[in-house]
Amino acid sequence: MPTLLIHNARLVVTMDEQRREIADGSVFIRDHVIEAVGPAAELPGTADEVIDARDHVVLPGLINTHHHMTQSLTRVIAQDCELFDWLGTLYPIWAGLTPEMVRVSTQTAMAELLLAGCTTSSDHLYLYPNGVMLDDSIEAATEIGMRFHAARGSMSVGQSQGGLPPDRVVEAEPAILKETQRLIERWHDPARFAMRRIVVAPCSPFSVSRTLMRESAALARSFGADHRVSLHTHLAENDKDIDYSREKFGMTPAEYAEDLGWVGRDVWHAHCVKLDAPGIGLFARTGTGVAHCPCSNMRLASGIAPVRAMRDAGVPVGLGVDGSASNDGGHLLAEARMAMLLQRVAHGPERGPSAMGAREALELATRGGAAVLNRDDIGVLAPGMAADLAIFGLDDVGLAGALHDPLAALLFCQPPRARHTLVHGRVVVRDCELTTLELPALVRRHNRLARQLVDGAGRA
């Protein structure tokens with residue numbers, strides 16, 4: 001089996017149980033698994049391939065727990081809207097999505113993530129017009145080389161039934177369940193180091209029925225705990241979301257989730273900006289995860305999620321860049337930076353800077369994300385873990401003057417692109433360039449399709 005040595009790094013940040021930070025460190029990889037991590041002097045000095053990491057920081061590959069990759073086609077639209085109005089503006093545009101648009105936008109979003117050191121991503125695709133299938137995303141991810149949790153989203157309650165989405169973009173619930181089962185049986189890999197898993201993911205309380213939520217949970221769990229089929233949805237995103245749950249269901253979003261069986265280590269919810277204290281306690285007791293999306297929450301003026309309280313209670317929390325129509329970017333270190341700064345803003349003079357530091361913010365982006373996705377093989381640099389790594393150069397002008405603490409520099413300063421990114425032992429970004437696809441051609445094609453999508457909505 002081929003070997004790869006990441007040699008003599010300025011700092012190797014392991015995120016292991018001891019949170020070791022190894023100066024002059026190396027990582028030795030055999031095939032797709034980390035074999036050894038430690039001081040360079042204690043590891044082999046040669047391998048089939050050696051990457052010289054002097055003046056670099058080596059991190060575990062970053063983990064993105066929430067995204068809508070097709071939204072990269074519709075950035076900077078509905079610039080001054082809160083969530084419900086924003087969705088109302090974009091639903092008619094997204095109704096024009098085609099299979100080609102899904103494939104190209106998935107690869108564009110993944111290229112952006114990989115170039116920023118993200119090696120694993122979930123994607124929540126919940127609209128399926130014009131012959132679109134989740135297979136389009138999965139095949140695109142395989143080609144570009146990203147570790148992928150593909151969430152089969154769905155919407156079944158349209159405006160005529162009191163839901164938010166237009167009727168033309170919803171699906172029949174039996175068809176949703178049948179298609180979700182097909183995807184699990186066709187694509188889901190429960191094995192350790194899996195490159196691809198399927199997630200059962202009805203979109204939100206305001207776009208699906210109680211019945212679909214219950215039956216989706218039953219479907220996922222019918223495969224057994226060893227099969228590792230997870231559940232994902234949006235929850236408690238803003239005040240209108242809370243009002244909808246109280247009006248339609250007579251309960252808070254957390255109570256609604258518990259009533260439907262949507263709690264447990266196999267479940268994670270996006271946003272949870274308005275999760276109340278009882279909800280935080282429920283999630284902590286049950287191991288229910290949260291995907292924190294700070295940039296999107298600010299863009300849509302949803303508020304600041306109570307991440308400090310969640311973490312203190314023991315809720316698993318990871319980071320998500322969310323859709324590129326509400327962020328509008330895909331740089332996970334930038335997301336970690338914003339998470340850190342927002343918690344300081346939220347807690348003001350009581351806790352201030354101590355509300356969250358650089359190392360805890362990085363933990364959200366690595367081992368925190370792994371816990372949320374219910375994985376024990378990523379998010380940490382240690383023997384026996386997947387060879388997913390992000391390597392950042394320290395020669396970027398934005399880091400100048402901060403190298404006395406290079407880890408903190410990556411969070412406090414303007415985060416740079418990754419110099420190299422490895423997924424499953426494969427170098428997918430080398431010297432800041434994507435190795436698996438021709439990026440300029442992809443971007444040109446993406447921009448053409450984005451114009452086609454937006455112009456088509458204007459003519460509809």
Side-chain angles (χ1 to χ4, degrees), residues 1-63 110-111 113-121 141-148 189 191-197 362 366-367 369-370 375-395 406-407 410 417-437:
M1 291 184 288
T3 57
L4 172 62
L5 176 65
I6 313 300
H7 186 55
N8 202 30
R10 171 76 170 270
L11 190 69
V12 174
V13 181
T14 67
M15 280 293 155
D16 64 9
E17 291 298 322
Q18 294 75 40
R19 307 300 193 272
R20 289 184 303 153
E21 298 173 17
I22 304 169
D24 300 318
S26 293
V27 181
F28 187 81
I29 297 161
R30 191 177 300 277
D31 194 13
H32 60 269
V33 180
I34 296 172
E35 189 169 290
V37 180
E42 298 177 9
L43 266 66
T46 61
D48 296 322
E49 180 180 358
V50 177
I51 294 177
D52 185 350
R54 282 177 294 179
D55 297 320
H56 290 71
V57 176
V58 180
L59 306 179
L62 308 179
I63 299 168
M110 287 186 169
L113 289 167
L114 290 166
L115 287 163
C118 181
T119 55
T120 298
S121 185
T142 300
E143 185 177 352
I144 199 170
M146 188 163 218
R147 202 178 297 275
F148 191 32
D189 183 358
R192 200 156 192 267
F193 309 122
M195 286 291 289
R196 180 176 57 243
R197 287 188 180 160
L362 181 61
T366 54
R367 59 183 298 138
R375 296 195 69 139
D376 61 1
D377 54 353
I378 57 176
V380 172
L381 300 183
M385 300 296 285
D388 291 7
L389 296 87
I391 304 172
F392 291 87
L394 295 173
D395 56 353
L407 186 160
L410 294 177
R417 278 191 173 186
R419 184 67 49 82
H420 312 294
T421 303
L422 282 73
V423 182
H424 207 61
R426 178 189 187 190
V427 181
V428 295
V429 172
R430 188 186 299 275
D431 294 322
C432 301
E433 298 288 340
L434 194 68
T435 65
T436 52
L437 292 175

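Just so you know, residue 1 is the first one in the sequence shown, and it goes up from there. No hydrogens, no waters, no symmetry mates; every other heavy atom, side chains included, goes into these values.
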What residue pairs, at least two apart or across chains, pass ring pair (Phe, Tyr, Trp, His ring centres under 6.0 Å) with a residue in residues 35-61?
-> none

Passing candidate, side-chain hydrogen bond (donor to acceptor under 3.5 Å, both in side chains) with Arg147, options Asp388, Asp377, Thr119 = Asp388

Sub-3.5 Å donor-acceptor pair from the side chain of His420 to the main-chain atoms of Ala390, do we have one?
-> no

Can you list, pair by pair, the side-chain donor-acceptor contacts under 3.5 Å of residues 32-46, counting residues two or more places apart and other chains?
unit_1: Glu35; atom_1: OE1; unit_2: Arg30; atom_2: NE; d: 2.6
unit_1: Glu35; atom_1: OE2; unit_2: Arg30; atom_2: NH2; d: 3.3

Close side-chain approach of Leu381 to Pro60, heavy-atom, < 4.5 Å | yes

For Asp52, check salt bridge (Lys or Arg N to Asp or Glu O under 4.0 Å) against everything at least two apart and list the hits.
-> Arg54

Taking every heavy atom of Pro406 against every heavy atom of Arg10, the minimum-distance pair comes out as CG-CG, 4.5 Å

Heavy-atom nearest pair, Ala141 first then Phe148, reads CB-CD2, 3.4 Å

Decide side-chain contact (heavy atoms from CB on, under 4.5 Å) for Val12 and Ile6; before the verdict, give the C-alpha distance in whole Å, the side-chain angles of both, and the deciding distance to 0.1 Å.
-> CA-CA 10 Å; Val12 174; Ile6 313 300; over 6 Å; no

Mind running side-chain contact (heavy atoms from CB on, under 4.5 Å) on Leu434 and Ile144 for me, showing each step along the way?
-> CA-CA 9 Å; Leu434 194 68; Ile144 199 170; 4.1 Å; yes

Report yes or no: does Thr436 contribute a side-chain atom to a donor-acceptor pair with the main-chain N or O of Val428 at less than 3.5 Å?
-> no

Would a distance-only check, ignoring hydrogens and angles, find a side-chain to backbone donor-acceptor pair under 3.5 Å from Arg20 to Thr14?
-> no

Run the side-chain contact (heavy atoms from CB on, under 4.5 Å) check on Ile29 and Leu389 step by step: do they pass?
-> CA-CA 11 Å; Ile29 297 161; Leu389 296 87; 3.7 Å; yes

For Asp48, all residues meeting salt bridge (Lys or Arg N to Asp or Glu O under 4.0 Å), sequence neighbours excluded | none

Arg417 side chain to Glu433 backbone, donor-acceptor under 3.5 Å | no

Check whether any side-chain N or O of Arg196 sits under 3.5 Å from a backbone N or O of Thr142 as a donor-acceptor pair, and report yes or no.
-> no

So CG of Leu114 and CG of Leu62: to nearest 0.5 Å the spacing works out to 10.5 Å

Rounded to the nearest 0.5 Å, what's the gap from CG on Asp16 to CZ on Arg367? Could you check?
-> 7.5 Å

Contact summary for Asp189 and Ala191, nearest pair of heavy atoms = OD1-N, 2.9 Å

Residues Val58 and Ala9: closest non-hydrogen pair is CG2-CB, 3.6 Å

Determine whether Glu143 and Met110 make a side-chain contact, defined as any pair of heavy atoms from C-beta on separated by less than 4.5 Å.
-> no

Among all residues two or more places apart in sequence or in another chain, which pass the salt bridge (Lys or Arg N to Asp or Glu O under 4.0 Å) test with Glu49?
-> Arg430

The reported gap from CG in Leu11 to CG in Leu407 (rounded to nearest 0.5 angstrom) is 6.5 Å

Starting from the C-alpha separation in whole Å, work towards a yes-or-no answer on side-chain contact (heavy atoms from CB on, under 4.5 Å) for Leu394 and Val57.
-> CA-CA 7 Å; Leu394 295 173; Val57 176; 3.7 Å; yes

Donor-acceptor pair, Thr366 side chain versus Leu59 backbone, under 3.5 Å?
-> no

Flag the pair Asp55 and Arg419 as a salt bridge only when some basic side-chain nitrogen lies within less than 4.0 angstrom of an acidic carboxylate oxygen.
-> no

Please name the pair of heavy atoms, one in Gly117 and one in Ala418, separated by the smallest distance, quoted to 0.1 Å.
-> N-CB, 3.7 Å

Applying salt bridge (Lys or Arg N to Asp or Glu O under 4.0 Å), name anything that partners Arg192, two or more places apart in sequence or on another chain.
-> Asp376

Between Ala47 and Phe28, which heavy-atom pair has the shortest distance, and what is it?
-> CB-CE1, 3.9 Å

